[in-house]
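A quick write-up on the structure given underneath.
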Amino acid sequence: MRWTQTLIPTQKETPSDAQIVSHQLMVRGGIIRQLTAGAYDFLPLGLRSLRKASQIIREEMDAIGCAEVLLPALQPFELWQKTGRDVTYGENLMKFKDRHGRMNVLGPTHEEVVTEMVMAYVSSYRQLPLSLYQIQTKFRDEYRPRFGLLRVREFLMKDAYSFHANLESLNAVYDRFYAAYQKIFTRCGIPFVIVEAEAGPIGGSASHEFMAVCSTGEDTIVTSDKNNYAANVEKAEIGARPFTFDAAPTGELEKVHTPGLPGIEDVGKFMKVKPKNMLKTLVFKATGGEVDWVVAVVRGDHEVNESKLKKAAGEKFGVAAIELTDDEAVRQQWAIGFVSPTAALKAVKAGLLIDPDAAQGGFWAGGANEIDYHVKHFNWRRECGDSLNDPKKVAVADIRNAAAGDPSPKNDGGKLVASKGIEIGHVFKLGTKYSDALGADFLDEKGEKHPMIMGCYGIGVGRILIAAVEAFHDDKGMVWPTAIAPYSVIITPIKYDGEVKAAADRLYEQLNAAGIDTLLDDRDQRPGVKFNDADLIGIPVRVNIGDRGLKEGKFELKRRKVVETEMVAMEAIVDRVQAVLRE
RNA sequence: CGGGGCGUAGCUCAGCUUGGUAGAGCGUCUGGUUUGGGACCAGAAGGUCGCAGGUUCGAAUCCUGUCGCCCCGACCA
C-alpha cells in the first residue's frame with residue numbers, strides 16, 4: 001500500500017483524554033479513533049492488525065478441529081430469559097425494543113444462541129464432540145467504558161463453544177483449547193501468564209484466564225514466588241494460617257465515641273489505630289440456609305471476597321445466596337458501620353465467619369454495636385465466650401482476597417506476589433448450565449437422554465493489540481511484534497523523486513511479489529517527518545532509500561527496535577528483509 | 001447512579017475572573033526557497049464558542065436547563 005492512498009492520520013499531540021500509553025499511541029498513530037464512549041473506529045492500520053491477530057486465531061482454531069460460524073449479534077430477549085441471564089447478566093446486557101415492541105438483545109456473548117442452534121441439529125452421541133467458534137462483534141453496556149480499547153461497549157471477540165457427551169471429552173478438548181491459546185498469544189508476540197480464574201456470570205466449574213502482564217491492566221494477578229501457583233485475585237486461595245481465640249486481653253474494653261466517621265480508614269485515624277489492628281465486620285443477608293444472616297469478619301486492611309464467603313457460608317451454614325443490603329431497617333437493626341462480631345452471636349439466626357488473620361490475639365479495635373461508637377482492646381474469648389466453639393454459629397475460613405505477602409496455597413513456604421494484567425483470553429468448563437436451561441440433550445449408546453456438557457473459550461481480539469502496544473513501545477511510538485504489525489516493512493525514500501523514486505517503486509514491487517506486507521511512504525515530506533511517522537506507527541522493518549546509498553548500490557535497513565542500521569546491497573535486500581522478519 | 005473536571009478551527013489549547021465584532025501553535029491550501037530525524041519565507045482558507053432558554057443595548061464570557069466526553073467512586077460501613 002502507498003501511504004498517499006490510504007488513511008494514516010498521525011498526530012504529534014498526545015490526546016488529552018487518553019490515560020494509558022496504548023490508548024495515546026493508538027490514537028496518535030492513526031490506529032483507532034473514538035466515536036463515542038466505548039466505541040472506536042478502526043482505521044486502516046488498526047484493522048490490519050486486528051485482521052492479522054484474527055487470522056492467527058483462525059489458524060489455531062482450525063488446527064484443533066474447531067469450525068467457524070457466524071451467529072447474529074441480534075438476539076431475542078426470551079432466549080436470555082430461558083437461562084436466567086436476563087437477570088444475572090444485569091445492566092451490562094444491551095437491550096432494546098424493536099418497532100413491534102419485542103425486546104431484543106445485542107449479544108455480549110453467545111452461549112444461548114449457539115446452544116439453541118446446536119440442539120436443533122445434534123441429538124446423538126455420535127455427533128459429539130463438536131467445537132464451533134466465531135469472530136464477531138460483541139456488545140456490553142459497560143458501567144464505565146475506559147482506557148481506549150481496554151473496556152469498551154462494542155468489541156471484536158473470538159468466542160468458541162464445545163459440546164460433549166462426557167466429562168473426559170470436555171477435559172480433553174479444554175486442554176486442546178488451552179494449548180491453542182498458548183500458541184495464539186505466543187505467535188502474536190504477547191508476553192502472558194495463565195491464571196486460575198473465577199467463572200463469573202458465564203458460570204461453570206473450572207476456568208483459566210490468559211493475562212498479558214501489564215501495569216495498566218485492570219485485573220490483579222497473584223502468583224507464588226515459588227512459581228508454582230498463579231491465580232486471579234478474585235479466585236486466589238491463601239495457604240494455611242494458624243489462628244486462636246485464646247490470647248490474653250491487651251487491656252480493658254474501652255468504648256470510644258466516633259461520630260460521623262464512615263470507613264475503617266477514618267475511624268482508624270481518629271482512634272489512632274492502624275487498619276490492620278481493626279476488625280472489619282460486614283453483615284450479609286442470607287437465603288436458603290439455616291441462618292438468615294452471615295456476618296463476615298476480616299482484618300481492617302483486608303477485603304472480603306464475596307465468592308469465597310458465599311462458598312464458606314454454604315459449607316458451614318447451608319446458605320445458598322448472600323447479599324449486602326443497604327436498606328435503612330437493616331442499618332438500624334445491625335448498627336451498620338459499627339458492628340461488632342458479638343452481634344452475630346446475640347442474633348438468633350446469624351452465622352459468624354471469621355478470616356484466620358482476624359481470629360488472632362493482640363490488640364483489636366472494632367465496632368461497639370452502637371451507632372457512632374467503636375471499642376478498643378477487643379478480645380475474642382472475653383467478648384464472645386464459649387459460643388466461639390459452636391460450629392452452628394461460628395466458623396473460621398478463608399473469606400478474603402489474597403494480598404501480597406500471604407502464604408501460597410501450595411503450603412510450600414512460597415509467598416504470594418501481586419501484579420496487574422489485562423485479560424486477553426479466558427477458557428471455561430461450563431458443564432450443563434446452558435444445556436439444562438435450554439434442553440440441549442443427546443441420546444447415548446443406550447438411547448438414554450443426557451444434557452450436553454459444554455465448554456466455552458473467548459479471546460478479546462482488540463485487547464491483543466492493547467497488550468502488544470503496552471508491552472512494546474518506546475518514547476518514539478509503538479513497536480509492533482511482526483506477526484500483528486499492520487505492515488511488516490515500510491519503504492522510506494529520502495526524497496520521492498528521480499532515481500530514488502524509481503528504486504523505491506522497484507523495491508515496493510519486489511517486496512509485494514515476495515508476499516511481504518509493505519507500506520511505501522510516497523509522501524512529499526521531509527525525511528524527518530517520514531522517519532518519525534514510521535517510528536510512531538511501529539513497522540518492524542524500515543528500508544531507507546537515498547542518494548547516498550544508491551551511489552553504492554545499497555539500501556539502508558533499520559529495525560524498529562534496534563538503533564543501528566545496516567547497508568544492504570540492492571540485489572540482496574529482499575532476502576535480507578525476509579531473514580530479518582523471520583527472526 | 002454519586003462526586004469532580006472539560007466541551008472554543010481538523011488536533012492541542014488560550015480567551016471567561018472584570019460582558020464590547022473570536023486567538024495561538026500544529027495541521028490544511030497557494031507560491032517560493034529547502035530536503036538523511038518533525039524546515040523556512042510570504043500569503044490564504046477554516047469556528048452556529050456542544051445545544052436550548054434567560055439576563056443585557058450587547059453573551060464564548062453571567063444565570064438556568066440539557067446533551068456529550070474524561071476521571072474517581074459506587075458492599076468492604
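Because the structure is predicted, anything quoted here is derived from the model rather than measured. In what follows, chains carry the letters A, B, and so on, assigned in the order in which the sequence lines appear, proteins first and then strands, with residues in each chain numbered from 1. No hydrogens, no waters, no symmetry mates; every other heavy atom, side chains included, goes into these values.
- Among the nucleotides B:C75, B:C71, B:C69, the one closest to the side chain of A:F147 is B:C71.
- In terms of phosphate contacts, A:R146 brings no side-chain nitrogen or oxygen within less than 4.0 Å of OP1 or OP2 of B:C71.
- Proximity of A:R526 to the phosphate of B:G37: no side-chain N or O atom is located under 4.0 Å from OP1 or OP2.
- Within the nucleic acid shown, A:K285 has no heavy atom closer than 4.0 Å to any nucleic acid atom.
- Here B:C6 sits opposite B:G68 as a Watson-Crick or G-U wobble pair (both hydrogen-bonding atom distances under 3.5 Å).
- Checked against B:C71, B:C69, B:C11, the side chain of A:Q11 finds its nearest nucleotide in B:C11.
- Using a 4.0 Å heavy-atom criterion, one finds that A:R33 contacts no nucleic acid atom at all.
- Remark: A:T36 is in phosphate contact with B:C69, judged by side-chain N or O atoms under 4.0 Å from OP1 or OP2.
- Residue A:N532 is classed as a base contact, given a heavy-atom separation below 4.0 Å to a base.
- A donor-acceptor contact closer than 3.5 angstrom links the side chains of A:E470 and A:T216.
- No donor-acceptor contact under 3.5 Å links the side chain of A:R523 to the base of B:G27.
- Distance, A:D521 CG to B:G37 P: 15 Å, rounded to whole Å.
- At least one side-chain nitrogen or oxygen of A:Q34 sits closer than 4.0 Å to the OP1 or OP2 atom of B:C70.
- Pair assignment for B:G73: B:C1, on the basis of Watson-Crick or G-U wobble contacts that are both within less than 3.5 Å.
- Contact annotation for A:Q19: backbone-only contact, meaning every heavy-atom pair under 4.0 Å involves sugar-phosphate atoms and none involves a base.
- Within the 4.0 angstrom heavy-atom criterion, base atoms lie near A:R542.
- Between A:W80 and A:Y89, the angle of the ring planes goes over 60°, which puts this pair in the perpendicular group of the 30/60° scheme.
- Nucleotide B:G43 forms a Watson-Crick or G-U wobble pair with B:C29, both donor-acceptor distances falling under 3.5 Å.
- In summary, the side chains of A:Y496 and A:D505 do present a donor paired with an acceptor at a separation below 3.5 Å, with no hydrogens or angles considered.
- Candidate nucleotides B:U35, B:C11, B:C76 were compared by shortest atom distance to the side chain of A:E13, and B:C11 ranks first.
- Across all strands shown, B:C13 forms a Watson-Crick or G-U wobble pair with B:G23, both key distances being under 3.5 Å.
- Here A:V283 lies in heavy-atom contact (under 4.0 Å) with a base.
- The pair A:R241-A:D355 meets the salt-bridge criterion, with a side-chain N (NZ, NE, NH1 or NH2) lying under 4.0 Å from an Asp/Glu carboxylate O.
- Judged purely by distance below 3.5 Å, without hydrogens or angles, the side chains of A:N544 and A:T565 never pair a donor atom with an acceptor atom.
- The shortest distance between the side-chain N/O atoms of A:S16 and the OP1/OP2 oxygens of B:C13 is below 4.0 Å.
- Relative to the side chain of A:K280, the nucleotides B:U28, B:C75, B:A77 differ in distance, and B:A77 lies closest.
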